[in-house]
Amino acid sequence: MNLPARFWILILFLWSTAWTVEAQTPSVGPKDLCLSGQPSAPIRVDVFSDFQCPSCRGFYLETIKPLIKDYGKENKVCVRYFDFPLKMHKFAFEASRYSVAARRLGQDPWQKVCEALYEHQAKWTEDGKIEAAVADVLSAEEMSRLKKILKEPSIDQMINQELALATERQVTMTPTLFLLVNGREKKVNGKISYPILKEYLERMSK
Amino acid sequence: MVLRILHWVCRLILGGIFLYAGYTKVDNPLQFAAALEAYQLFPPHVVLWIMKGFPWLEIGLGLVLLLGTAIRYTATLAGALLLVFVVIMLITYLRGIEADCGCFGVGERISLFTLTRDFLFILPALFLAIQPKRGRSRRPSRLV
């Protein structure tokens, strides 16, 4: 094989590799990225949630949001959100797709998307217009990237993996929490108000 | 004799129930708090007090019942507490609120089964409250 042929084969190989890398953004599971804090935080709160569930909405806005505000920056608590869309909620799976896609934009956009989904739950539950709910909180560039990511088949795969994980962990309702403090994990069915969770976390982390 | 055996059985059952119930709440207080909040009856600061103090009351009651001290009073208190639980659970159930019982930890929804079960727990408490002594027969004293 002469040099020009080898050269073009190498170029072709490099080009096809680059194309493959560009087409798929890396999967980011909730185990890799905390909604708030870092995986190294001493306390971990795993939440299995459904974006169309009213209790989950209340739990996020009234408990998780202040928790993120008070503890997120100090890396005392890592909050991991797992998608558990219930079949009885018509748009829950689609909403989860937006959340999973937003993870790949980073922690900050993901937080914004989750909050927007819960804030505007009543509206998109009625009309199914989830993109409109999310578009307001992302920049044009982020939104463009999000739309591309939404087309990837790995998004649905990720949600199905999280559903399988929920089954494995015997999650039967939303929200369901798993708190890992001092090496001990506790499961909680249902939502808890922030003053109670805060008091518990403060007591357990002493 | 039968009454004595029944007495022991009731004390063991009731004492065991309260001890176990208290233990599950001490082990996972947040689950207990979540169940209380789901009842939508108490504000968060009241839930916090109940979450902290109530499990120890249950454990204390359970121990005293097993020791057999002041049976009439402890059994009456236990029965009254159980009645309050059943009433609260019934109200929650009739309101159509889906909530965990919170009786023995995670994953027990309020249902006709849990309501019936908890109501039946009152029976040993009632028996002990009415028959506090261990079935000793009272013989009339003889005048010599």
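A, B, ... follow the sequence lines: proteins, then strands. Residue 1 opens every chain.
For residues 172-182 of chain A, the interface with chain B (any heavy-atom pair closer than 4.5 Å) comprises A:Met173, A:Leu179, sorted by residue number.
Contact record, A:Arg184 with B:Asp27: NH2-OD1, 2.9 Å, taken as the closest heavy-atom pair. Here the shortest heavy-atom pairing between A:Ser193 and B:Glu37 reads N-OE1, 2.6 Å.
The main-chain N or O of B:Leu48 is never found under 3.5 Å from a side-chain atom of A:Glu199 such that the two would form a donor-acceptor pair. Between the side chain of B:Asn28 and the backbone N or O of A:Lys187, at least one donor-acceptor pair lies under 3.5 Å.
The 12-atom threshold is not exceeded at OH of B:Tyr23, counting heavy atoms of other residues, nucleotides or ligands nearer than 6.0 Å. For A:Tyr194, the OH atom sits in a packed shell: over 12 heavy atoms of surrounding residues, nucleotides or ligands are nearer than 6.0 Å.
Using a 4.5 Å cut-off on side-chain heavy atoms (C-beta onward), A:Ile196 and B:Met51 make contact.
Not counting sequence neighbours, B:Asp118 has no partner by the side chain to side chain donor-acceptor pair (under 3.5 Å) test.
Residue contact with chain A, scored on non-hydrogen atoms closer than 4.5 Å, is absent for B:Ala38.
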